[in-house]
Amino acid sequence: MVANLHPGLTERTRDARLTSPVWTSSNFSYEVSDFAGPGFICVGDAHQFTDPIFSFGVSNAMQEARFAATAIREYLALEGDAAANIMSSYIDTVNSGQHRARLFIDSFWQTPLAFLKLAHFDHPKDITEFFSGRIYGDAPGEMPAIQALTRLRAFNEGTLMRDAKFRL
């Protein structure tokens, strides 16, 4: 029985009673793929919203706004292909961070015990860095926690051989 998974919680809620019907909400996540180009740029939730439970959305939006301001300034100073490359660089930077955020959040929801192990035992510093908003640029891609979660996702999706030695 599920109620027996945590004896302390079971004890504290033994007299609890349902006060309303149980209800769920759908996934509110979305992603806009074409979010920057000549004359337009989207920042934060305007192009991607991942999960309302985690509270780092404002931090990410502020970081993206800083990247956008730099890209806009450089874009206005250039012309032609060079200007297009500025927007492409902005898109790559923002997407890399957002994809890392999605990896963490998906791991939290889909493999909570593995995420717990990483957060509390194997790589707590990396997880803290992530939740502090350090998800953009090259350095976060080198975090052992990101690499472990990437392997875990590949394993779960069947793209990492099931008989291979797997270690978080």
Side-chain angles (χ1 to χ4, degrees), residues 22-120 122-160 166 168:
V22 175
W23 55 277
T24 64
S25 60
S26 63
N27 182 348
F28 294 104
S29 300
Y30 63 84
E31 182 176 353
V32 176
S33 58
D34 189 18
F35 63 90
F40 72 98
I41 192 166
C42 297
V43 175
D45 289 353
H47 74 90
Q48 184 165 346
F49 180 75
T50 305
D51 189 305
I53 301 300
F54 293 94
S55 61
F56 50 79
V58 173
S59 173
N60 289 352
M62 296 300 287
Q63 288 184 64
E64 288 184 20
R66 193 177 74 233
F67 298 143
T70 300
I72 291 167
R73 186 174 49 251
E74 291 175 5
Y75 180 85
L76 292 173
L78 300 171
E79 295 180 11
D81 290 341
N85 289 340
I86 296 299
M87 284 299 130
S88 179
S89 177
Y90 169 77
I91 290 167
D92 290 346
T93 298
V94 169
N95 278 338
S96 71
Q98 291 287 353
H99 290 149
R100 289 181 187 127
R102 167 69 65 191
L103 175 67
F104 269 71
I105 292 168
D106 287 350
S107 299
F108 175 85
W109 290 115
Q110 295 169 2
T111 54
L113 294 179
F115 190 88
L116 173 80
K117 183 178 184 295
L118 286 172
H120 291 281
D122 296 348
H123 304 294
K125 183 176 183 251
D126 287 357
I127 303 298
T128 301
E129 290 288 309
F130 166 76
F131 283 118
S132 297
R134 294 178 188 96
I135 60 173
Y136 298 99
D138 293 334
E142 301 300 318
M143 287 180 177
I146 293 270
Q147 294 170 359
L149 291 173
T150 301
R151 287 190 307 274
L152 179 61
R153 174 180 274 172
F155 182 79
N156 288 335
E157 292 174 351
T159 57
L160 182 68
F166 179 75
L168 282 176

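In this structure, NE2 in His99 is found 10.5 Å from CG in Asp92, a value given to the nearest 0.5 Å. In this structure, CG in Leu149 is found 11.0 Å from CD in Gln110, a value given to the nearest 0.5 Å. Tyr136 contributes atom OH, which lies 4.5 Å from atom CD of Gln98 (distance to the nearest 0.5 angstrom). The distance from the NE2 atom of His123 to the CD atom of Gln147 is 8.5 Å, given to the nearest 0.5 Å. The line from CZ of Arg151 to CZ of Arg153 is 14.0 Å long, rounded to the nearest 0.5 Å. Taking OG1 from Thr128 and CZ from Arg134, the interatomic distance works out to 9.5 Å, rounded to the nearest 0.5 Å.
Shortest non-hydrogen contact noted between Ile135 and Arg100 is O-NH1, 2.7 Å. Residues Ala145 and Phe104 approach most closely at CB-CZ, 4.4 Å, considering heavy atoms. Nearest heavy atom pair, residue Leu78 against residue Ile86, reads CD1-CG1, 3.7 Å. Between Ala65 and Val43 the shortest heavy-atom distance is N-CG1, 3.4 Å. Heavy-atom minimum distance, Ala114 versus Leu152: CB-CD2, 3.6 Å. Met87 and Ile72 make their closest contact through CE-N, 4.4 Å (heavy atoms, listed as atom of the first residue, atom of the second, distance).
Side-chain contact between Pro112 and Leu116: absent, with no pair of heavy atoms (C-beta onward) separated by less than 4.5 Å.
Ring orientation note: the planes of Phe35 and Tyr90 are nearly perpendicular, at an angle over 60° on the 30°/60° scale.
Checked against side chain to side chain donor-acceptor pair (under 3.5 Å), Tyr75 has no partners two or more places apart in sequence or in another chain.
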Next item on the list: Mind running side chain to side chain contact (heavy atoms under 4.5 Å, CB included) on Phe67 and Ile41 for me, showing each step along the way?
Entry: CA-CA 11 Å; Phe67 298 143; Ile41 192 166; over 6 Å; no
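Under a 3.5 Å cut-off, the side chain of Thr150 and the backbone N or O of Ile146 do form a donor-acceptor pair.
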